[in-house]
Amino acid sequence: MRRLAEVSGRCLALLALKVLVALLVALPVLVLLRLNGVVLFPALLVLVFAGRRMADVSRRLQGRWAGVEIVRPYLPRPALEPTAQSWYWTGYDYHHSRLWAAVSSWFNWVLRDPATWRDLAWMVLDPAVGTILLAPAVLGWARPFRWHARWTRALLSPTDQAKLTARVRELAETRTEALDAQAAELERIERDLHDGAQARLIAVGLSLSLAQQQLRHDPDAVEELLAEARATAADALRTLRDLVHGIRPPVLSERGLVDALRLLGLEHPLAVTVEAELPGRLPPALESAVYFATAELLVNVTKHAHARAVRVRLEHRRGTLRVAVTDDGVGGADPARGTGIQGIQRRLRPFDGTVDLDSPPAGPTVATLEVPCALSSPRTSTC
């Protein structure tokens, strides 16, 4: 009986939504028949604006009650771009007034989006078709929910063109982020070389020059200058090693991701256990990205988790690499309060990777990295 009441209640809620949609569609018709035609334009605006909200509600309910996730299909609104001649480019046309440019941008954005017209078709058809599909569910039969979900997805999900447009936009953003990150990394390397190794090597050259000058006149002072040059050269070598380690650790190139993470765990202040099921090697660029993403997660654990032990598990299943970092800390981590998770997401986005954080109060906290990839044979890998 409880299950019957739940199914019937959900069915009635969806039917009530269809009544609201039908009333919304009837609004412009009533305005045209009963009121002045001037009011028709605002009524159409209300229809379009409220129609999107109704469609969003329907998408959420299909995901929550029928288990059918429907992605919002709308194109992003283009930003106003001022030109050198004090005009505004809306993405569609030019305007001298910012106000008219904003108005034009909104109308072009809405009316040129195919999803708007699919929303209107759904609003016209769904009150009748959706009601017919859902009617048996009033009696507690759950299968009509799946029929209704497929119908809703057919009209309200993104088209192939919208998916392609979104994918192209995502790839463009990822490319820009990758180029910015590469430029920032090159700038960091240049700065570290200039301020670190280069300065020390210049000091070595000066010490050797002074030693050469003192060789004939004060041989006893030469030994001290040479010792100083040797110590400075050792510092420069350590700086270069640290720099190389920050770019790509040698153990990562020589032994692979698993051994590199195990070495990282040995150097970590907490007790880190690394478990791995990787029958091969990752591509070099992906190895570096996953290594530094995992290292950043371990740093976050040290800073915020108040944990005593961390477990890192790597596995490759069905063409996807999965790295789970679990700590026994206090939990309650919120990705919105810091930039660590966002940085990891930016690092993995060029590889279509994702980051998921599960951190209930009192722990444990589990951070999961997932990246689609293929493994190469350990024997034939050139890494």
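None of the values given here were measured: they were computed from a predicted structure.
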Peer 1: On a heavy-atom basis, which atom in Tyr88 and which in Ser97 lie closest, and how many Å separate them?
Peer 2: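 Shortest heavy-atom contact: CD1-C, 4.1 Å.
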Peer 1: Nearest 0.5 Å, what's the CD1-CD distance between Ile341 and Glu296?
Peer 2: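 Output value for this atom pair is 8.0 Å.
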Peer 1: List for me each residue that meets salt bridge (charged side-chain N to carboxylate O under 4.0 Å, His left out) alongside Arg255, sequence neighbours excluded, and say none if there are none.
Peer 2: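 Once residues adjacent in sequence are excluded, the partners of Arg255 under the salt bridge (charged side-chain N to carboxylate O under 4.0 Å, His left out) criterion are Asp259.
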Peer 1: Side chain to side chain contact (heavy atoms under 4.5 Å, CB included) with Asp328: which residues, sequence neighbours excluded?
Peer 2: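 With neighbours one apart ignored, the set is Ala307, Arg308, Ala309.
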Peer 1: Are Arg53 and Val57 packed together at the side-chain level, in the sense that at least one heavy-atom pair is separated by less than 4.5 angstrom?
Peer 2: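 The answer is no; the side chains never approach within 4.5 Å.
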Peer 1: Hey, mind stepping through Arg52 and Thr116 against side-chain hydrogen bond (donor to acceptor under 3.5 Å, both in side chains) and telling me if it holds?
Peer 2: CA-CA 8 Å; Arg52 286 199 173 191; Thr116 300; 3.0 Å; yes
Peer 1: For the residue pair Ala55 and Tyr74, what are the closest heavy atoms and their distance?
Peer 2: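 That would be CB-OH, 3.8 Å.
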Peer 1: When you look at CH2 of Trp106, are more than 12 heavy atoms from neighbouring residues, nucleotides or ligands closer to it than 6.0 Å?
Peer 2: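 Count over threshold, so yes.
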Peer 1: What's the separation between atom CZ in Arg72 and atom CZ in Arg60, rounded to the nearest 0.5 Å?
Peer 2: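 Arg72 CZ to Arg60 CZ: 8.5 Å, rounded to 0.5 Å.
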Peer 1: Is Leu321 close to Leu278 at the side-chain level, that is, under 4.5 Å between some pair of heavy atoms?
Peer 2: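 With C-beta onward as the side chain, the pair touches.
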Peer 1: Could I get the full list of side chain to side chain contact (heavy atoms under 4.5 Å, CB included) partners for Pro114, not counting sequence neighbours?
Peer 2: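 Partners of Pro114 by the side chain to side chain contact (heavy atoms under 4.5 Å, CB included) criterion come out as none, since no residue qualifies.
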Peer 1: Output every pair passing salt bridge (Lys or Arg N to Asp or Glu O under 4.0 Å) with a member in residues 360-375, not counting sequence neighbours, ordered by first then second residue.
Peer 2: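 Found Arg322-Glu370.
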Peer 1: Just so I know, are the side chains of Cys373 and Thr320 near enough to count as touching, which here means a heavy-atom distance under 4.5 Å?
Peer 2: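 Cys373 does not reach Thr320 side chain to side chain.
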Peer 1: Would you confirm whether Thr131, through its side chain, and Pro127, through its main-chain N or O, come within 3.5 Å as a donor-acceptor pair?
Peer 2: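 At least one qualifying donor-acceptor pair exists.
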Peer 1: What heavy-atom pair brings Arg347 and Ala289 nearest, and what distance separates the two atoms?
Peer 2: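 In this case the closest contact between Arg347 and Ala289 is CD-O, 3.3 Å.
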Peer 1: Transitively linked via ILVMFWY side-chain contacts under 4.5 Å: Leu286 with Val355?
Peer 2: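 Leu286 and Val355: one cluster.
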Peer 1: Would Val299 end up clustered with Leu297 when hydrophobic side chains under 4.5 Å apart are linked, directly or stepwise?
Peer 2: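 As far as the 4.5 Å side-chain criterion goes, Leu297 and Val299 are not connected within one cluster.
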Peer 1: Could you list the residues that satisfy side chain to side chain contact (heavy atoms under 4.5 Å, CB included) with Val330, not counting sequence neighbours?
Peer 2: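 Residues passing side chain to side chain contact (heavy atoms under 4.5 Å, CB included) with Val330: His306.
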Peer 1: Taking the side chain as every heavy atom from C-beta outward, state whether Leu133 and Val129 have any atom pair closer than 4.5 Å.
Peer 2: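 Of all side-chain heavy-atom pairs linking Val129 with Leu133, at least one is under 4.5 Å.
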Peer 1: When you compare the side chain of Ser58 with that of Trp122, does any pair of heavy atoms fall below 4.5 Å?
Peer 2: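 In contact.
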Peer 1: Answer yes if Val366 and Leu270 sit in the same cluster of Ile, Leu, Val, Met, Phe, Trp and Tyr residues linked by side chain heavy atoms under 4.5 Å apart, and no otherwise.
Peer 2: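 No; Leu270 is not reachable from Val366 via cluster members.
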Peer 1: Which salt bridge (Lys or Arg N to Asp or Glu O under 4.0 Å) pairs, counting each pair once, include a residue from residues 135-146, with sequence neighbours left out?
Peer 2: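 Counting only pairs at least two positions apart or across chains, no salt bridge (Lys or Arg N to Asp or Glu O under 4.0 Å) contact touches residues 135-146.
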Peer 1: Going by atom type alone, with no hydrogens or angles, which donor-acceptor pairs under 3.5 Å involve a side-chain atom of residues 11-30 and a protein atom two or more places apart or on another chain?
Peer 2:
unit_1	atom_1	unit_2	atom_2	d
Lys18	NZ	Asp126	OD1	3.4
Lys18	NZ	Asp126	OD2	2.6
Lys18	NZ	His148	NE2	2.7

Peer 1: Quick one, Val310 with Val325, criterion side-chain contact (heavy atoms from CB on, under 4.5 Å). Give me CA distance, side-chain angles, the key distance, then yes/no.
Peer 2: CA-CA 7 Å; Val310 187; Val325 180; 3.7 Å; yes
Peer 1: For a 4.5 angstrom cut-off between non-hydrogen side-chain atoms, does Leu45 reach Phe49?
Peer 2: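 No. Closest side-chain heavy atoms not under 4.5 Å.
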Peer 1: Hey, could you give me the CD/OG1 distance between Glu275 and Thr326, rounded to the nearest 0.5 Å?
Peer 2: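 It comes to 9.0 Å.
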Peer 1: Determine, for Arg77 against Asp113, whether the closest basic-nitrogen to carboxylate-oxygen distance falls under 4.0 angstrom.
Peer 2: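 No.
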Peer 1: Any side-chain heavy atom of Phe351 within less than 4.5 Å of one from Leu282?
Peer 2: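 No - every pair of side-chain heavy atoms lies 4.5 Å or more apart.
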Peer 1: What closest approach, in Å, do Pro136 and Pro144 show between heavy atoms, and which atom pair accounts for it?
Peer 2: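 Looks like CB-CG, 3.7 Å.
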Peer 1: Got a sec, which residues hit ring-ring contact (aromatic ring centres under 6.0 Å, His included) with Trp87, two or more places apart in sequence or on another chain?
Peer 2: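 With sequence neighbours excluded, Trp87 shows a ring-ring contact (aromatic ring centres under 6.0 Å, His included) to His96, given in chain and number order.
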Peer 1: In terms of hydrophobic clusters joined by side-chain contacts under 4.5 Å, are Val71 and Leu156 together?
Peer 2: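 Not linked; separate clusters.
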Peer 1: Test of understanding: with side chain to side chain contact (heavy atoms under 4.5 Å, CB included), list the residues that count as partners of Arg118, not counting sequence neighbours.
Peer 2: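 By the side chain to side chain contact (heavy atoms under 4.5 Å, CB included) rule, Arg118 matches Thr159.
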Peer 1: When rounded to the nearest 0.5 angstrom, what distance separates CG in Leu257 from CZ in Arg281?
Peer 2: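 Reported to 0.5 Å precision, the distance equals 8.5 Å.
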Peer 1: Go through the structure and list residues passing salt bridge (charged side-chain N to carboxylate O under 4.0 Å, His left out) with Arg59, not counting sequence neighbours.
Peer 2: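 Residues passing salt bridge (charged side-chain N to carboxylate O under 4.0 Å, His left out) with Arg59: Asp56, Asp119.
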Peer 1: Suppose the criterion is salt bridge (Lys or Arg N to Asp or Glu O under 4.0 Å): which pairs have a residue in residues 350-361, not counting sequence neighbours?
Peer 2: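 Residue pairs with at least one partner in residues 350-361: Arg167-Asp352.
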Peer 1: So, taking the atom named CG in Leu264 and the one named CZ in Phe292, what distance separates them when rounded to the nearest 0.5 Å?
Peer 2: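 Separation between the atoms: 9.5 Å.
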Peer 1: With a 3.5 Å distance limit and no angle check, can you tell me whether Thr294 reaches the backbone of Val290 through a side-chain donor-acceptor pair?
Peer 2: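 Judged by distance alone, yes, a pair lies under 3.5 Å.
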Peer 1: Can you tell me how far CD of Gln62 sits from CZ of Phe145, rounded to the nearest 0.5 angstrom?
Peer 2: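 Reported to 0.5 Å precision, the distance equals 9.0 Å.
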Peer 1: Do Leu111 and Met123 sit in one hydrophobic cluster, given that two such residues count as connected whenever their side-chain heavy atoms are within less than 4.5 Å of each other, even indirectly?
Peer 2: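 Cluster IDs for Leu111 and Met123 match.
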Peer 1: In chain order, what residues pass the ring-ring contact (aromatic ring centres under 6.0 Å, His included) check against Trp89, with sequence neighbours excluded?
Peer 2: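 Per chain and number, Trp89 pairs via ring-ring contact (aromatic ring centres under 6.0 Å, His included) with Tyr94.
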Peer 1: Can you find a heavy atom in the side chain of Thr368 that is under 4.5 Å from one in the side chain of Val323?
Peer 2: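 No, their side chains stay 4.5 Å or more apart.
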